[in-house]
Visitor: 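Below you will find the structure I want to go over with you.
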Amino acid sequence: MPDIRPTAGSGALVLNATYEPLCVVSVRRAAILVLSAKAVCVADGDGILHSARSALPVPSVVRLTRFVRVPYRTHVGLSRRAIFARDGWRCAYCRGPAETIDHVFPRSRGGRHAWENVVAACARCNHTKGDKTPAELGWRLHALPAAPKGTAWRVLGHRAPDPRWADWLDLREPEAA
Ligand SMILES: [Zn+2]
């Protein structure tokens, strides 16, 4: 087992043998995949990892040497951080910095806690809105809320991508509805 001390918060992108992005793992786990010949490094990160017998550039992207069949999660988990990330940390009503989560159709009136009914909102809009609907206030949503889709969301979730992964992940801005 190599003695590997990765920098805090670092991760490596794992690609399938077909170059399809699969997941993000710790740098340590990626290095073990490379050292055990289960993966090859396709993009180096910063620094060198030392083990008792060898030195290895920190892997940033690794590709599995054998194809693995992976059942995909079709849903992105609904979490506060994921909602903020989907909405770009902006209020759905005034586009100011978002600090709260708002249920478009209020929960107090039976609104669901689902991707289609939650948006990031600033404290002021959220407070003003109270238990009214945007229509009752004459407000318009910047975009229709929907569950996030795409490879980057499946692989990263709310995690910030390393710029070195951009070639393998579709990192375009989500389209406004
Ligand atoms: Zn606002």
Side-chain angles (χ1 to χ4, degrees), residues 6-16 19-30 43 45-47 58-62 70-177:
T7 50
S10 59
L13 177 66
V14 179
L15 308 175
N16 213 335
Y19 287 90
E20 185 186 13
L22 290 179
C23 58
V24 176
V25 298
S26 68
V27 161
R28 183 175 191 279
R29 173 107 183 91
D46 300 317
V58 169
S60 178
V61 183
V62 300
V70 185
Y72 290 136
R73 273 189 311 144
T74 47
H75 307 289
V76 177
L78 182 60
S79 69
R80 196 180 160 81
R81 283 184 66 179
I83 295 163
F84 282 130
R86 181 198 65 180
D87 295 354
W89 288 270
R90 302 223 152 257
C91 175
Y93 305 109
C94 74
R95 308 302 291 149
E99 309 144 272
T100 65
I101 300 297
D102 179 58
H103 291 85
V104 178
F105 195 86
R107 289 204 96 177
S108 59
R109 292 163 62 182
R112 288 171 59 225
H113 186 64
W115 277 114
E116 294 76 14
N117 193 48
V118 291
V119 290
C122 72
R124 210 177 107 195
C125 288
N126 201 337
H127 182 76
T128 308
K129 188 168 167 286
D131 61 357
K132 298 186 195 68
T133 68
E136 286 165 356
L137 290 158
W139 288 7
R140 287 191 52 203
L141 281 162
H142 174 76
L144 274 184
K149 292 190 189 76
T151 304
W153 267 96
R154 178 168 54 71
V155 175
L156 298 173
H158 55 69
R159 206 187 322 241
D162 186 309
R164 283 174 288 232
W165 304 345
D167 286 350
W168 290 277
L169 296 171
D170 184 8
L171 295 176
R172 283 171 303 174
E173 286 284 296
E175 300 158 45

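Computed from a predicted structure; not experimentally measured. Numbering of ligands and ligand atoms starts at 1, following listing order.
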Visitor: Please find the pair of heavy atoms, one from Val119 and one from Ile83, that lie closest to each other, and give the distance.
Guide: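 That would be C-CG2, 3.9 Å.
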Visitor: Could you pull out the closest heavy-atom pair between Thr133 and Pro106, with the gap in Å?
Guide: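 Of all heavy-atom pairs spanning Thr133 and Pro106, the closest is CG2-CD, 4.0 Å.
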Visitor: Please give me the protein atoms (N, O or S only) lying under 2.8 Å from the Zn ion (ligand 1), ordered by chain and number.
Guide: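 Counting only protein N, O or S atoms under 2.8 Å from the Zn ion (ligand 1), the list reads Cys91 SG, Cys94 SG, Cys122 SG, Cys125 SG.
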Visitor: Between Trp165 (side chain only) and Ser60 (backbone N and O only), is there a donor and an acceptor less than 3.5 Å apart?
Guide: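 Checking the backbone N and O of Ser60 against the side chain of Trp165, a donor-acceptor pair under 3.5 Å is found.
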Visitor: State which residue, out of Arg107, Lys129, His127, fulfils the side-chain hydrogen bond (donor to acceptor under 3.5 Å, both in side chains) condition with Asp102.
Guide: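 Of Arg107, Lys129, His127, side-chain hydrogen bond (donor to acceptor under 3.5 Å, both in side chains) with Asp102 is met by Lys129 alone.
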Visitor: Measure across Pro21 and Leu13 and return the closest heavy-atom pair with its distance rounded to 0.1 Å.
Guide: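 Taking every non-hydrogen atom into account, CB-CD1, 4.4 Å.
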Visitor: What closest approach, in Å, do Ala123 and Glu99 show between heavy atoms, and which atom pair accounts for it?
Guide: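 Scanning both residues completely, I find the closest heavy atoms to be N-OE1, 3.0 Å.
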